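Everything numeric here is computed off the predicted structure, so don't read it as measured data.
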Number of protein chains: 2
Amino acid sequence: MDTGDDELLDSAFLALADPVRRRIIARLSRGPATVNELAEPFAITKQAVSKHIQVLEQAQLVTRTRDAQRRPVHLNPARLEALTAWIDQYRLVREEQFRSLDAVLRSNAAASGKQAKDPS
Amino acid sequence: MDTGDDELLDSAFLALADPVRRRIIARLSRGPATVNELAEPFAITKQAVSKHIQVLEQAQLVTRTRDAQRRPVHLNPARLEALTAWIDQYRLVREEQFRSLDAVLRSNAAASGKQAKDPS
DNA sequence: TTATTGATCAACCTTTCGGTTGTTTAAGGC
DNA sequence: GCCTTAAACAACCGAAAGGTTGATCAATAA
């Protein structure tokens, strides 16, 4: 389960590490779209866009449904949430430590009766 | 400014798309560490770990200070926050639309007087 | 000064990524 | 049936990623 998580995080963060794919995500946040629609704003071939979508799909950031010969792409917000959850797990720990350190510094300054390194 | 943002997002998401670098982030969330300390748990060379840290540094996810001959690495929570901000920007939009769609479906079901596709 | 320790630099190798062109599949429209 | 359209598949190419080994630099300790 650990390794599976790892691979999902690998592929998801890698998927977001490309401006084309981030713009696709941005577009899909306003609703589903087909490959042709998604490819339209870009100066690259439709095949290249199709590959980008495959990367997003493998990361489970998007899913595809069938609608006649069209294959609309949908955003999967749950996977995006998993990424923010991972980041916040460590970001918040560190920020809390900053606050604690700050508190210690203030406490020491008060106990010593001298001014701390406060630039004011 | 836009392109700069793009490149920062590129490098930051790419930096997180590797299990070694994510473990380094996890370690640094508990406090600064040197390259040797960071390299210890891994089965790869110190040089490889040094490269990983350079990737994190270029993405501004970590910074380095000088302490005699040691060069401790520090986590930069602000950059992590920028990533969650980017993700949430689109995740929340989409989730709100889901709620709206749900409301429309419920409304239509009520107006038609027939049962909706409610599985209950 | 010399040796030691912590860390980077440099070259090289293999794999993967982003892109192309060209071909095939699948579903509708006529 | 045939033709058009949406999209995937396949082979290929250049650039970059992740790893190695070996040499170098910078700061301390002897």
Of A:L14 and B:P72, whose closest DNA chain C nucleotide lies nearer the 5' terminus? B:P72
Which nucleotide in the list C:dG18, D:dT21, C:dT20 gets nearest to the side chain of A:I44? C:dT20
Any N or O donor-acceptor pair under 3.5 Å from the base of C:dG6 to the side chain of B:K46? no
Check this for me: does the side-chain of A:Q47 come within 3.5 Å of the base of C:dG18 through a donor and an acceptor? no
Look at B:N36 and C:dT5 and indicate whether a side-chain polar atom (N or O) is within less than 4.0 Å of OP1 or OP2. no
Beyond-backbone contact of B:H74 with B:R64, side-chain heavy atoms, under 4.5 angstrom: no
Counting only heavy atoms not in A:E57 (residues, nucleotides, ligands), do more than 12 fall under 6.0 Å from its CD? yes
Between A:I53 (CD1) and D:dA7 (P), how many Å, whole number? 8 Å
Side chain of B:Q69 only, heavy atoms from C-beta on: which candidate in D:dT28, C:dC17, D:dA7 is closest? D:dT28
Out of D:dG18, C:dG6, D:dA8, minimum distance to the side chain of B:R21 belongs to D:dG18
Which whole-number value in Å describes the distance from B:L38 CG to C:dT8 P? 11 Å
Nearest to the side chain of A:H52, which nucleotide is it out of D:dT28, D:dA7, C:dG18? C:dG18
Give a yes or no on whether the backbone of A:A15 and the side-chain of A:R21 come within a donor-acceptor separation of less than 3.5 Å. yes
Check: B:R22 side chain, A:D6 main-chain N or O, donor-acceptor pair, under 3.5 Å: yes
If the cut-off is 4.0 Å, is B:T45 near the phosphate of D:dT20, judged by side-chain N/O to OP1 or OP2? yes
Between atom CZ in A:R71 and atom P in C:dT25, what is the gap in whole Å? 14 Å
For B:D18 and C:dT15, what is the distance between atoms CG and C1' respectively, to the nearest whole Å? 14 Å
State whether the side chain of B:S11 and the backbone N or O of B:E7 hold a donor-acceptor pair below 3.5 Å, judged by distance alone. yes
Report the distance from atom CD of B:E57 to atom C1' of C:dC9, rounded to the nearest whole Å. 15 Å
Does B:R66 have a side-chain nitrogen or oxygen under 4.0 Å from the phosphate oxygens OP1 or OP2 of D:dA27? yes
Length of the CG-P vector between A:D10 and C:dT15, whole Å: 19 Å
Starting at atom CG of B:L56, determine the distance to atom C1' of D:dG18, rounded to an integer number of angstrom. 14 Å
Using a 4.0 Å heavy-atom cut-off across all strands, classify B:Q54 as base, sugar-phosphate, or nothing. sugar-phosphate
Expressed as a whole number of angstroms, how long is the span from A:R70:CZ to C:dG28:C1'? 9 Å
Select base, sugar-phosphate, or nothing to describe what A:S50 touches, counting heavy atoms under 4.0 Å on all strands. sugar-phosphate
